[in-house]
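Below: the structure, in structure tokens.
Residue numbers start at 1 and run along the sequence shown.
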Amino acid sequence: MAAATHLYAIAIGSNRLHGRYGRPPQVVEAVIARLDEEFGLFDASPIMLNAAIGGAGRDFANAVALVESELDPPAMLRRIKALEREFGR
């Protein structure tokens, strides 16, 4: 029996300059590319630029990616948390 495939919606956002990837929109692009490499990227939204509200101070870049994976939800959460750490969060 084949493993079940799950479809996950992953919210992506950045408001920080990254030493390797650059400004927030490029960070979001890099994350989407990484998800495409690691999982089956089903689709991704356009990257939206949003003004900071309150004390954030820096504008945000946000998107959502739909990915397919055989990982169950707890394993997927662990993988996404590891990916966040790799990108400096």
Sidechain-backbone polar pair: Ser14 side chain, Ala61 backbone, donor-acceptor under 3.5 Å:
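Judged by distance alone, no pair lies under 3.5 Å.
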Strictly distance-based, threshold 3.5 Å: is any side-chain N or O of Asn15 a donor or acceptor partner for the main-chain N or O of Asp59?
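Not confirmed, Asn15 side chain does not pair with Asp59 backbone.
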Gap between atom [atom2] of [Y] and atom [atom1] of [X] - 0.5 Å precision:
X	Y	atom1	atom2	result
Glu38	Ile80	CD	CD1	7.5 Å
Ile12	Glu84	CD1	CD	10.5 Å
Glu68	His6	CD	NE2	11.5 Å
Ile53	Phe60	CD1	CZ	9.0 Å
Arg79	Met76	CZ	CE	9.5 Å

Could you walk me through whether Glu29 and Arg23 pass the salt bridge (Lys or Arg N to Asp or Glu O under 4.0 Å) test, one step at a time?
CA-CA 10 Å; Glu29 284 178 1; Arg23 300 183 53 77; over 6 Å; no
Compare every heavy atom of [Y] with every heavy atom of [X], then report the nearest pair and how far apart it is.
X	Y	value
His18	Arg20	ND1-N, 3.0 Å
Tyr8	Pro73	OH-N, 3.1 Å
Arg58	Ala52	O-CB, 3.0 Å
Ala63	Pro46	CB-O, 3.9 Å

Residue that, paired with Ile32, satisfies side-chain contact (heavy atoms from CB on, under 4.5 Å) out of Val64, Leu41, Val67
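The option that passes is Leu41.
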Quick one: do Val31 and Tyr21 satisfy side chain to side chain contact (heavy atoms under 4.5 Å, CB included)? Show the steps, please.
CA-CA 10 Å; Val31 172; Tyr21 302 108; over 6 Å; no
Common cluster, Leu66/Leu35, ILVMFWY with side-chain heavy-atom separation under 4.5 Å:
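Result: no, two separate clusters.
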Worked check of side chain to side chain contact (heavy atoms under 4.5 Å, CB included) between Val27 and Ile47:
CA-CA 11 Å; Val27 174; Ile47 297 171; over 6 Å; no
Is Arg16 atom CZ crowded by more than 12 heavy atoms from other residues, nucleotides or ligands, each under 6.0 Å away?
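It does not: Arg16 CZ has 12 such atoms or fewer within range.
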